[in-house]
Amino acid sequence: MMSSDHSRRSMIKGIGIATAAGVFGAASAQAATAVPAEGEIWSNEYWAKKGDIPLWMFRKRIGAPKPGEPGRPVVFFVHGSSVTSRVFDLTVPGKGEYSLLNTFARYGFDCWTMDHENYGKSGRTSGNADIASGVEDLKAAVEVIARETGQRRYHFVGESSGALRAGAFAMAAPERIDRLVFAAFTYRGEGSPTLAKRAEQLAYYRSHNMRKRDRDMIRSIATRDKPGTSDPAVVEVLADVEMQFGDQIPTGTYLDMTANLPVVHPERVLAPVLLVRGEYDGIAAVPDLEEFFNKLPNGDRQFIILPGTAHSVALATNRELFWHVTRAFLTMPTPIVT
């Protein structure tokens, strides 16, 4: 369930190798430095607006923001097709830490996430919440972050279709990107047994904007590739918090992943990129990711496979491996030679 840290509501209107030189005229430097911190985790809720659609946002960091304090690097977590942003902030009694927001807040980051259109607490429309819609959601979200933090560039960590959303946003708004982490990403979708199976329902995705997402479907996220790579008790907690939003979820990202790939073109992703794949991931085939990796224009890129892990790296038993490689990538020192 969501952490019970202090929160308040506010409505916001308006809306590792080397580095590549010259992405924005010079080597990219982080706007702020992550310094590990101790203390109480502060949290807050916000609302972005995409036209008339309210989009729920959530933030965690160590301690409330104070005027004049040094900036902290912002990391934005982007959720996937079948879950809300709760996947990044689970509280699982007796199972250790499962909140990425808590973990990276303690690492010294200013952590943000959101529910995309038709997910969680965000507004409901007749749309299918496809990748293009997700890009527009992120455009609205970054205006809130800029207003609250004074920063203009942010790290993005996306999982599954959340990585596609983040990548498509990076193509649309490269000036807002610092570093990118794509977990459980797919490029063309070739060699993916999960996508091949999903494509059997393509006619349904084309004709329906919502699909059923019940408790068993949520359980399957952790079992379809390699049972045992995630704790079933943790997935039950995820199902508990997700089912409060009903058993229907948008079809847009499924349609994109079965009929419209690629939606992220590596030649247009200018920022540093970390690709993270679970060893047993049934969506992100290694040759597919290698092709994407080799076409990235920025020399500051890494491709890491996590052992004993399947599609969901955020909920994996080996999740600390994901924390480690992500933290290392987001805190890379600025190169001297480019």
Side-chain angles (χ1 to χ4, degrees), residues 16-21 23-24 26-39 41-42 59-63 65 69-78 88-89 97-113 142 145-146 148-159 162-163 166-167 169-170 174-185 269-278 293 296-307 309 313-314 316 318-338:
I17 307 178
T19 192
V23 174
F24 299 108
S28 173
Q30 291 174 208
T33 301
V35 178
E38 296 182 356
I41 294 179
W42 173 90
R59 178 188 189 187
K60 277 190 168 183
R61 46 169 279 164
I62 297 295
E69 70 178 354
R72 301 181 193 180
V74 170
V75 57
F76 194 106
F77 295 91
V78 190
F88 300 127
D89 196 34
E97 184 62 86
Y98 269 88
S99 169
L100 276 168
L101 300 187
N102 287 350
T103 297
F104 279 78
R106 295 188 184 105
Y107 289 159
F109 291 90
D110 191 345
C111 302
W112 294 73
T113 190
V142 296
I145 301 174
E148 293 296 316
T149 68
Q151 298 187 50
R152 301 293 296 176
R153 296 174 62 198
Y154 323 108
H155 304 306
F156 284 82
V157 177
E159 186 176 46
F169 176 72
E175 73 281 359
R176 307 308 289 267
I177 306 298
D178 198 336
R179 302 176 80 82
L180 297 165
V181 178
F182 296 158
F185 179 81
V269 178
L270 306 181
V273 173
L274 167 63
L275 291 176
V276 181
R277 179 190 187 270
F293 180 83
L296 289 168
N298 197 321
D300 188 349
R301 62 188 190 267
Q302 299 178 28
F303 177 18
I304 294 178
I305 296 177
L306 302 181
T309 303
V313 297
N318 288 340
R319 63 198 179 282
E320 292 189 31
L321 300 179
F322 178 58
W323 302 351
H324 176 85
V325 298
T326 299
R327 180 188 187 185
F329 185 72
L330 297 185
T331 57
M332 288 276 285
T334 302
I336 297 172
V337 177
T338 60

Evaluate the side-chain proximity of [Y] to [X]: yes if any heavy-atom separation is below 4.5 Å, no if none is.
X	Y	result
Ile41	Arg106	yes
Leu100	Trp323	yes
Asn318	Leu306	no
Asp178	Gln151	no
His155	Val181	no
Thr331	Phe109	yes
Ile62	Arg72	yes
Phe156	Val142	yes

Should the ring pair Phe104 and Phe77 be called parallel, tilted or perpendicular, given that the plane angle runs from 0 to 90° and is split at 30 and 60?
perpendicular
Okay, side chain of [X], backbone of [Y]: is any donor-acceptor separation there less than 3.5 Å?
X	Y	result
Arg153	Ile177	yes
Thr309	Pro307	yes
Asp89	Ser99	no
Arg319	Glu97	yes
Arg61	Gly63	yes

Assess whether atom CD of Glu38 is packed by more than 12 heavy atoms of other residues, nucleotides or ligands within 6.0 Å.
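No, not enclosed.
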List the steps, then state whether side chain to side chain contact (heavy atoms under 4.5 Å, CB included) holds for Phe329 with Asp300.
CA-CA 10 Å; Phe329 185 72; Asp300 188 349; 3.9 Å; yes
How far apart are the C-alpha atoms of Arg59 and Trp42, what are their side-chain angles, what is the distance that settles it, and do they pass the side chain to side chain contact (heavy atoms under 4.5 Å, CB included) test?
CA-CA 8 Å; Arg59 178 188 189 187; Trp42 173 90; 3.8 Å; yes
Hey, what do you get for [atom1] ([X]) to [atom2] ([Y]), rounding to the nearest 0.5 Å?
X	Y	atom1	atom2	answer
Leu270	Leu180	CG	CG	10.0 Å
Leu101	Trp112	CG	CH2	11.5 Å
Thr103	Phe322	OG1	CZ	10.5 Å

Test log, rule side chain to side chain contact (heavy atoms under 4.5 Å, CB included), inputs Arg179 and Leu274
CA-CA 8 Å; Arg179 302 176 80 82; Leu274 167 63; over 6 Å; no
Heavy-atom closest contact ([X] atom, [Y] atom, distance):
X	Y	value
Gly108	Pro73	O-CD, 3.9 Å
Ala183	Ala163	O-CB, 3.9 Å
Cys111	Ala105	SG-N, 3.4 Å
Ala271	Asn298	C-ND2, 3.6 Å

Hey, does the Lys NZ or Arg CZ of Arg176 hover above the aromatic six-ring of Phe169, less than 6.0 Å from the centre and inside 45° of the axis?
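Output no; distance or angle outside limits.
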Do Tyr107 and Leu330 pass the side chain to side chain contact (heavy atoms under 4.5 Å, CB included) test, and can you show the C-alpha distance, the side-chain angles, and the key distance before you say yes or no?
CA-CA 11 Å; Tyr107 289 159; Leu330 297 185; over 6 Å; no
